[in-house]
Amino acid sequence: MVADNLPSPADVANFIVTKTIFDSVKIFDTNPTVLQAFANTNITMTVTVPNSEIPNLSNGGAAAWVNTNIRPFHPQTKIKYISVGNEVSLLNDPALSSVVVPAMRALTDALREAGPQFQDIKVTTAQAFNMFEGDTVPSLTRFRTDQKSYFEPLLQYLRETKTPLMVNPYPYFAVSAMETNVDFFIFRKTLGLFDGNSGKVYSNALDVLLDKTYSAMLAAGFGDVDIVMSETGWPSAGDPGNAIATIDNAASYNRHLIRKIDSGIGTPLMPNRKFEAYIFGLFNENQKPGALFERNWGLFQPDFTPVYVSGALRDGPPPKLDNPDFTVIPRTNFCVPKPGVPDDQLQKNLDYACSQGADCSPIQPGAVCADPATVSSHAKYAMDSYFRTKGVDSACDFPAPARSPPLIRVMATAAIFEGSDEKDKCKLEIAFIQETKEEAISEEEISSMWYDVEFGSQVSLWYDEFEFRPPLRVREKVVRVVCLLYVLVALVNVLAPCSISEIRVVVIIRGLVTMKQAVDAFIEAGWVGVSDSVLETNSRVVLFFGSIHLFDLGSGGICLDLDRAALSVSLIFVMWKERITQW
């Protein structure tokens with residue numbers, strides 16, 4: 001833990017054993033003092049192989065690692081799981097991801113060779129929630145297509161060894177992504193979230209995240225692999241402007257979490273299942289870097305006093321639970337069109353609802369709700385399905401936008417222009433232009449986005465158009481355009497008396513997406529390190545400026561073997577004000 005005021009491991013072990021309800025502890029290393037402190041306590045332990053040590057395990061170092069980190073402590077200290085790395089997928093490092101399963105297999109072999117007393121230790125790894133393709137209802141969730149080569153061998157290994165997959169579900173980080181009020185995320189009673197595909201109603205966001213994991217595993221053929229929540233929690237304080245990191249919200253989340261785990265109620269798709277779960281964390285960490293909320297995940301202060309009543313103390317006061325049975329508010333309202341709305345508007349509402357997550361399969365020809373086959377009847381069904389899926393009153397604020405779903409037309413414009421000095425004389429500029437079919441962006445508007453840049457020669461390459469459905473896998477769609485521009489860079493650097501060292505990317509967003517969704521899409525695509533600052537001009541645009549670097553665009557032999565490391569990239573997002581509903 002990142003703090004300088006914590007009690008000794010021996011005192012912590014004694015506190016957990018004598019005062020709390022906990023029977024398992026997870027640490028993010030193999031600290032020998034901590035492991036020794038839990039000897040003969042009957043507390044089971046999860047230890048972690050740091051991400052940096054994974055390659056060594058897969059390269060012959062597993063036996064030495066076991067001899068150093070496991071053999072001196074187990075079975076006096078009951079080590080139950082070894083997690084090989086933590087949230088490796090967040091690093092966007094294919095080379096590291098590719099050695100996780102080999103490292104796990106090597107560790108399993110090393111434990112077997114170490115002796116029979118080590119056979120009960122299971123080897124797994126912990127996953128973050130960037131592993132799913134798109135954003136859909138729980139029952140239709142699938143693993144990202146670019147992660148299949150990682151997850152299929154991983155789940156096959158876990159099945160073979162009868163070991164659970166560890167996941168780190170944090171509803172706190174999903175609040176803005178799911179676009180609803182915080183009550184749903186901290187187990188308070190709401191209308192819930194409706195999954196039109198399965199017919200299930202969700203009373204809380206944790207169940208959504210767990211059932212997404214289960215559905216993705218089931219679709220991949222591994223629905224029999226168990227799931228362990230290796231981290232989950234809620235921060236009790238945050239910086240000014242952070243309205244969700246509060247003591248009340250943290251107390252509500254963790255109180256209901258403990259109640260849910262103890263009850264064995266399971267989830268809508270996994271009923272009557274009692275999950276193993278690790279609450280993050282035991283103490284606040286006063287030296288942890290980052291925003292204030294990062295230092296305030298703890299259930300307890302360093303002197304063992306509770307930050308709030310959570311139900312974690314064995315003889316503590318009973319926690320107040322707003323929704324102990326995890327139910328939803330019964331529906332008394334429905335989303336239906338107002339009388340007299342013309343069919344053309346209802347058709348737009350119908351198309352919009354079906355494209356944004358409503359379950360419209362029952363109104364397809366021959367399906368159970370296809371008749372009466374009128375626009376009015378189908379619109380009523382689709383609008384109410386959309387309303388139930390979103391779970392908030394504002395989801396019934398139709399009419400739907402008149403434009404069709406936004407399309408991105410990828411236009412890469414390479415422009416060689418005069419810089420401020422000789423070193424900057426040549427630069428490369430790329431524009432990713434988004435437009436709708438009904439309202440294209442004129443060349444004059446595009447040119448105006450370049451500001452005071454004086455163009456020299458210019459080359460444009462049109463590639464493709466595709467629907468923007470955040471989070472968008474942009475990389476697969478634009479990588480070939482960028483590669484073509486790298487060829488252009490090579491030619492310019494050979495033929496011209498200058499060297500291109502900067503790329504400027506302009507992303508013009510005109511469709512029905514928020515700026516956050518657009519930025520998240522590019523982060524998801526591997527354009528990483530975006531800094532966030534917003535400048536609102538007097539005209540009708542809002543600009544997002546940031547700096548990024550290109551990640552692994554040349555992998556798999558798609559690009560020529562060019563020197564990409566020296567290229568720096570600037571990013572500008574341009575959005576029309578009337579289309580911005582939220583950051």
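Because the structure is predicted, anything quoted here is derived from the model rather than measured.
A tilted orientation is assigned to the rings of F187 and Y253, their planes being inclined by 30° to 60°. Ring orientation note: the planes of Y170 and F280 are nearly perpendicular, at an angle over 60° on the 30°/60° scale.
Between N168 and E87, the side chains place a donor N or O and an acceptor N or O closer than 3.5 Å (distance only, hydrogens not considered). No side-chain donor-acceptor contact under 3.5 Å links D343 and Q347. Using modelled atom types, one finds no donor on one side chain facing an acceptor on the other under 3.5 Å when comparing S97 with D93. A donor and an acceptor atom, one from each side chain of E152 and Y157, are nowhere located under 3.5 Å apart. Residues N254 and S310 have side chains that never bring a donor and an acceptor to within less than 3.5 angstrom of each other. Using modelled atom types and a 3.5 Å distance limit, the side chains of N249 and S252 yield no donor-acceptor pair. In this structure, a donor-acceptor pair under 3.5 Å is present between the side chains of T44 and S24. A donor-acceptor contact closer than 3.5 angstrom is absent between the side chains of D29 and T48. At a cut-off of 3.5 Å, with distance as the only test, no side-chain donor of S89 or Y150 sits close to an acceptor on the other residue.
The minimum heavy-atom distance between A174 and F185, with the atom names listed, is O-CE2, 3.5 Å. Across all their heavy atoms, T20 and R314 have their closest contact at O-NH2, 2.9 Å. Closest approach of T161 to K122, counting heavy atoms only: O-NZ, 2.9 Å. When all heavy atoms of R259 and D325 are compared, the pair lying nearest together is NH2-OD1, 3.9 Å. Residues L292 and G238 share a closest heavy-atom pair of CD2-O, 3.2 Å. For the residue pair R273 and D226, the shortest heavy atom distance occurs at NH1-OD1, 4.1 Å.
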Test side-chain contact (heavy atoms from CB on, under 4.5 Å) on F275 and M270 and set out the steps.
-> CA-CA 10 Å; F275 292 95; M270 295 178 284; 3.6 Å; yes
Checking side-chain hydrogen bond (donor to acceptor under 3.5 Å, both in side chains) for the pair D195/S139: CA distance, chi angles, key distance, verdict?
-> CA-CA 7 Å; D195 182 337; S139 63; 2.8 Å; yes
Stepwise side-chain contact (heavy atoms from CB on, under 4.5 Å) check, F293 with Y172 | CA-CA 11 Å; F293 78 87; Y172 173 81; 3.6 Å; yes
Any chance you could lay out the side-chain contact (heavy atoms from CB on, under 4.5 Å) test for Y202 and L269, step after step, and finish with the verdict?
-> CA-CA 10 Å; Y202 286 81; L269 294 182; 3.6 Å; yes
Could you give me the CA-CA distance, side-chain angles and deciding distance for E276 and Y81, then say whether side-chain contact (heavy atoms from CB on, under 4.5 Å) is met?
-> CA-CA 12 Å; E276 289 184 70; Y81 298 117; 2.6 Å; yes
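Ion pairing between R105 and E160 holds under the 4.0 Å rule for side-chain N and carboxylate O.
For the pair S230 (side chain) and A126 (backbone), a donor-acceptor distance under 3.5 Å is absent. At least one donor-acceptor pair under 3.5 Å links the side chain of T141 to the backbone N or O of P138. Side chain of Q364 to backbone of C360: a donor-acceptor contact under 3.5 angstrom is found. With hydrogens and angles ignored, the 3.5 Å screen pairs no side-chain donor or acceptor of R188 with any backbone N or O of N204. Between the side chain of H378 and the backbone N or O of A373 there is no donor-acceptor pair closer than 3.5 Å. With hydrogens and angles ignored, the 3.5 Å screen pairs no side-chain donor or acceptor of R159 with any backbone N or O of V225.
Heavy-atom neighbours of K288 NZ from other residues, nucleotides or ligands within 6.0 Å: above the threshold of 12. Atom NZ of K380 sits in a sparse spot, with 12 or fewer heavy atoms from other residues, nucleotides or ligands closer than 6.0 Å. Surrounding CG of D315 are at most 12 heavy atoms belonging to other residues, nucleotides or ligands under 6.0 Å away.
Aromatic pair Y308/W234: centroids not less than 6.0 angstrom apart. Under the 6.0 Å cut-off for aromatic ring centres, F129 and F173 do not qualify, their centroids lying 6.0 Å or more apart.
With rounding to the nearest 0.5 Å, the separation of CG in D23 from NZ in K80 is 7.5 Å. Atom OG1 of T125 is separated from atom CD of Q127 by 5.0 Å, given to the nearest 0.5 angstrom. Rounded to the nearest 0.5 Å, atoms OG (S236) and CG (N296) are 4.5 Å apart. Residue S83 holds its OG atom at 6.0 Å from CE of M166, rounded to the nearest 0.5 Å. M131 CE to K212 NZ: the interatomic distance, rounded to the nearest 0.5 Å, is 10.5 Å. Taken from CG in L206 to CG in L257, the straight-line distance is 6.5 Å, to the nearest 0.5 Å.
Looking only at side-chain heavy atoms (C-beta outward), R144 and E133 come within less than 4.5 Å of each other. Residues I265 and F326 form a side-chain contact, since some pair of their non-hydrogen atoms from C-beta on lies under 4.5 Å apart. Counting heavy atoms from C-beta outward, V307 and N284 have side chains that approach closer than 4.5 Å. Residues M383 and V336 are not in side-chain contact: their nearest non-hydrogen atoms beyond the backbone lie 4.5 Å or more apart. Looking at heavy atoms from C-beta onward, I54 lies in side-chain contact with L96 at the 4.5 angstrom threshold. Between V228 and V167 there is no side-chain heavy-atom pair separated by less than 4.5 Å. Between H256 and L321, the closest side-chain pair of non-hydrogen atoms falls below 4.5 Å. Residues P171 and I186 are not in side-chain contact: their nearest non-hydrogen atoms beyond the backbone lie 4.5 Å or more apart.
For residues 260-269, the set of pairs meeting the salt bridge (Lys or Arg N to Asp or Glu O under 4.0 Å) definition, not counting sequence neighbours, comprises D207-K260.
Among the candidates D211, T213, N272, the single residue satisfying the side-chain hydrogen bond (donor to acceptor under 3.5 Å, both in side chains) test with T267 is D211.
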